Number of protein chains: 2
Amino acid sequence: MENLSTTEENYIKTIYHLQQTDTTVSTNDVAAKLNTKAASVTDMLKRLNTKQVLNYEKYKGFSLSNQGEKVALDIVRKHRLWEYFLVEKLAFGWDEVHAIAEELEHITSKVLIERLDNFLGNPKFDPHGDPIPDSNGKMQTQPQINLVDMPIGETASVSAVGSQSTELLELLTHKNIAIGTQITIKKKFSFDHSMEIETPANSSFTISRELALALFVTIKTPSLL
Amino acid sequence: MENLSTTEENYIKTIYHLQQTDTTVSTNDVAAKLNTKAASVTDMLKRLNTKQVLNYEKYKGFSLSNQGEKVALDIVRKHRLWEYFLVEKLAFGWDEVHAIAEELEHITSKVLIERLDNFLGNPKFDPHGDPIPDSNGKMQTQPQINLVDMPIGETASVSAVGSQSTELLELLTHKNIAIGTQITIKKKFSFDHSMEIETPANSSFTISRELALALFVTIKTPSLL
DNA sequence: TAAATATTTTAGGCAAATCTAAATTATTTA
DNA sequence: TAAATAATTTAGATTTGCCTAAAATATTTA
Ligand SMILES: [Mn+2]
Ligand SMILES: [Mn+2]
Ligand SMILES: [Mn+2]
Ligand SMILES: [Mn+2]
């Protein structure tokens with residue numbers, strides 16, 4: 001039943017991620033994400049449709065089939081486990097791992113990924129705070145909110161980042177913030193939407209709206225990582 | 001200068017391995033190893049020639065260029081480091097790792113393989129006893145001889161296996177022989193070329209000519225693994 | 001709702017990697 | 001050495017994945 005090329009897998013994963021955020025996914029959306037052209041996407045949609053991983057009707061739209069979603073979750077699982085490996089075992093920063101995981105996620109061995117999972121201690125979240133699906137595609141849902149939406153006086157811990165850029169990591173490192181760091185909101189300034197926060201490592205300091213938007217937090221203490 | 005597809009890399013590696021054993025490598029040899037047809041090989045030889053990794057003259061023959069050999073050694077390095085990782089960290093048997101390493105060897109990141117090497121403690125030999133090239137393509141040469149060529153009374157340690165089959169591993173496991181095991185030749189029988197040997201774990205026992213042919217030994221104690 | 005605009009699909013073509021069948025060249029053998 | 005045989009290459013197709021330009025359809029806007 002399965003015999004998908006790396007390219008087909010990348011399309012499936014891209015469509016999956018787009019479906020998570022946007023309600024409808026367009027041909028152009030996929031083309032933009034994959035740096036390709038709409039015509040190429042249409043070609044692929046037809047192939048994925050015949051391969052049963054996609055429901056597609058021309059000019060009407062498309063969405064992953066149940067089977068396609070399973071495939072996508074499997075790729076996401078591999079991607080995030082490899083990212084975890086790279087950061088935890090090979091000492092990469094989380095801004096460096098995405099491109100490498102983009103290749104590693106296509107290694108086909110089923111038993112490899114199960115042993116890797118085991119070797120890593122069955123982590124539930126990747127270095128960016130994103131949940132790692134288990135072998136059945138199930139993943140832990142953390143009730144996350146954006147830092148800008150946290151009320152004054154509340155404390156929560158950083159659970160995910162909204163960007164994987166080196167620039168963000170540099171800033172977070174400088175401010176001693178990482179995934180797991182406890183943050184308390186002290187004050188919000190309406191002029192520039194900057195906010196004053198407090199962490200265990202540092203007394204009160206100010207962060208910009210841009211930075212706050214890139215941070216997601218959970219009220220409960222994080223289960224792992 | 002470099003921009004080789006996975007397929008091109010596989011051809012280069014195959015030609016490299018064939019050159020190690022046979023003096024001349026033919027189009028048919030390559031076709032046989034890669035489970036493809038001679039015509040396909042010719043197509044590829046022409047492409048590798050224009051890509052400067054191969055010296056090729058039609059109907060005359062071909063061999064890897066210096067550059068091609070460097071590429072080959074880099075792939076071999078990756079292949080063997082990943083095999084080492086799979087056996088030492090993920091508890092695979094050495095009969096299970098080849099196919100997986102066949103995929104992993106094509107992951108492109110240079111820094112990944114250097115960090116993996118470091119993480120593994122810079123091993124010099126893979127799980128089959130084959131030397132791992134360093135980042136410059138240099139590898140340790142072990143003066144190996146086949147077990148059948150060892151004189152009676154001599155002691156040496158197993159340094160490599162001539163086959164990666166599950167069947168061989170099963171037999172070796174049963175006889176308590178692994179890479180590193182010390183073997184002393186007690187007797188040789190000319191009738192069936194079987195031989196009586198001794199190991200630290202077992203007193204004298206007999207092994208077949210087939211098994212002896214699949215074992216390589218070094219007189220000096222092994223430097224690693 | 002009709003025209004303008006945006007999106008999507010088709011048509012036709014290209015490069016990589018493969019194949020089969022036929023032609024060419026090299027090697028053996030009688 | 002000439003014929004037979006073997007090895008290699010070429011010719012011509014196919015599949016995957018991608019492209020541009022043009023056509024078809026959907027959506028927006030006046
Ligand atoms: Mn990918
Ligand atoms: Mn991630
Ligand atoms: Mn390979
Ligand atoms: Mn090996």
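Throughout, protein chains are lettered first and strands after them, A, B, ... in sequence-line order, and every chain is numbered starting at 1. Bear in mind that the values here come from a model prediction, so they are computed numbers and not experimental data.
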Chemist: Just by distance, do the side chain of A:E103 and the backbone of B:T108 share a donor-acceptor pair under 3.5 Å?
Modeler: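 Yes, because the side chain of A:E103 sits within donor-acceptor range (under 3.5 Å) of the backbone of B:T108.
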Chemist: Base, backbone or nothing for each nucleotide of nucleotides 8-15 of chain C, written B, S, -, heavy atoms under 4.0 angstrom, 5' to 3'?
Modeler: BBB-----
Chemist: Starting at the 5' end of DNA chain C, which residue's closest nucleotide do you reach first, B:M44 or B:K37?
Modeler: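 The answer here is B:M44.
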Chemist: Below 4.5 Å, heavy atoms only, C-beta onward: do A:K188 and A:V148 meet side chain to side chain?
Modeler: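 The answer is no, as the side chains (C-beta and beyond) never meet within the 4.5 Å cut-off.
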Chemist: In whole Å, what is the span from the CG atom of B:L48 to the P atom of D:dT9?
Modeler: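 Value for this atom pair: 13 Å.
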Chemist: How many Å lie between OH on B:Y11 and P on C:dA16, as a whole number?
Modeler: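 Rounded to the whole Å, the gap is 14 Å.
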Chemist: Who are the salt bridge (charged side-chain N to carboxylate O under 4.0 Å, His left out) partners of B:D95, not counting sequence neighbours?
Modeler: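 With neighbours one apart ignored, the set is empty.
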Chemist: Can you tell me how far apart CG (B:L213) and CG (B:D149) are? Round to the nearest 0.5 Å.
Modeler: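 Between B:L213 CG and B:D149 CG, I get 8.5 Å after rounding to 0.5 Å.
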Chemist: Is B:T7 near enough to C:dA16 that one of its side-chain N or O atoms lies under 4.0 angstrom from OP1 or OP2?
Modeler: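 B:T7 to C:dA16 OP1/OP2: no side-chain N or O under 4.0 Å.
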Chemist: Would you check, one step at a time, whether the test side-chain contact (heavy atoms from CB on, under 4.5 Å) holds for B:K124 with B:Q142?
Modeler: CA-CA 11 Å; B:K124 298 292 173 275; B:Q142 269 185 139; over 6 Å; no
Chemist: What integer distance in Å separates B:N3:CG from C:dA16:C1'?
Modeler: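 Distance, rounded to whole Å: 13 Å.
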Chemist: Can you confirm whether more than 12 heavy atoms, excluding those of B:Q20, are under 6.0 Å from its CD atom?
Modeler: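 Yes - once you tally the heavy atoms of other residues, nucleotides and ligands closer than 6.0 Å, there are more than 12.
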